[in-house]
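Reading through the structure tokens given below for one structure.
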Amino acid sequence: MENEETNKMNAFTKWHYRTEHTKEFFKLLQSNQPEYLLIDTYADLYLGVVRLDNGFFTYNPKFKNVSPVKGEAVWTIEADFDSLF
């Protein structure tokens with residue numbers, strides 16, 4: 001993950017970038033087994049997503065110059081609203 005662009009990120013942004021790729025949230029969810037789970041899709045809907053070979057990555061302008069996001073099309077609900085609803 002470390003490259004010129006990720007070296008410019010602060011600690012939180014690096015964590016966010018890493019966890020978007022590793023999906024480690026699911027392992028934490030499985031091990032903690034919470035009684036309730038609230039799912040917030042605001043960022044996915046507001047910022048859009050980038051489709052990658054192994055799934056989707058929530059787009060964030062902070063990551064626009066970092067591979068694998070760099071150069072990929074950003075899918076937004078605004079652009080494809082009719083196909084979703």
Side-chain angles (χ1 to χ4, degrees):
M1 178 186 114
E2 292 293 323
N3 62 42
E4 185 177 331
E5 289 300 322
T6 56
N7 287 333
K8 295 177 187 177
M9 295 179 189
N10 65 31
F12 174 78
T13 304
K14 282 184 181 182
W15 171 85
H16 182 197
Y17 181 78
R18 187 191 78 242
T19 59
E20 278 290 318
H21 284 284
T22 64
K23 305 298 183 196
E24 61 194 63
F25 163 79
F26 294 110
K27 289 178 185 172
L28 291 171
L29 186 62
Q30 185 178 21
S31 66
N32 292 322
Q33 297 193 2
E35 190 171 334
Y36 297 97
L37 175 64
L38 300 176
I39 299 174
D40 177 4
T41 60
Y42 177 77
D44 303 301
L45 295 173
Y46 180 72
L47 297 172
V49 295
V50 175
R51 185 177 189 131
L52 303 174
D53 292 338
N54 60 343
F56 292 89
F57 186 91
T58 303
Y59 178 75
N60 186 322
K62 293 179 184 179
F63 306 146
K64 68 181 178 186
N65 293 319
V66 182
S67 294
V69 177
K70 186 176 184 175
E72 294 295 325
V74 178
W75 175 85
T76 63
I77 193 169
E78 188 175 73
D80 284 332
F81 187 84
D82 290 335
S83 69
L84 295 171
F85 299 98

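- In terms of hydrophobic clustering, with Ile, Leu, Val, Met, Phe, Trp and Tyr side chains grouped at heavy-atom distances under 4.5 Å, Tyr36 and Ile39 are assigned to different clusters.
- Sparse packing is recorded around NZ of Lys27, with 12 or fewer heavy atoms of other residues, nucleotides or ligands lying under 6.0 Å away.
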The test is side-chain contact (heavy atoms from CB on, under 4.5 Å); show your working for His16 and Glu20 and say whether it passes. CA-CA 6 Å; His16 182 197; Glu20 278 290 318; 3.8 Å; yes
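- Across Val49 and Thr58, no two heavy atoms sit closer than the pair CG1-CA, 4.2 Å.
- Note on Leu47 and Tyr42: same hydrophobic cluster, where clusters join Ile, Leu, Val, Met, Phe, Trp and Tyr whose side-chain heavy atoms are under 4.5 Å apart, directly or indirectly.
- Here the shortest heavy-atom pairing between Lys23 and Phe56 reads NZ-O, 3.2 Å.
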Kindly determine whether Thr41 and Asp44 satisfy side chain to side chain donor-acceptor pair (under 3.5 Å), including the steps that lead there. CA-CA 5 Å; Thr41 60; Asp44 303 301; 5.5 Å; no
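- Closest heavy-atom contact between Gln33 and Gln30: CG-O, 3.0 Å.
- At a threshold of 4.5 Å between non-hydrogen side-chain atoms, the residues Thr13 and Phe63 count as touching.
- With hydrogens and angles disregarded, a donor-acceptor distance shorter than 3.5 Å links the side chain of Asn60 to the backbone of Lys62.
- Phe25 and Trp15 sit in two unconnected hydrophobic clusters of ILVMFWY residues. Membership requires side-chain heavy atoms under 4.5 Å apart, directly or through other members.
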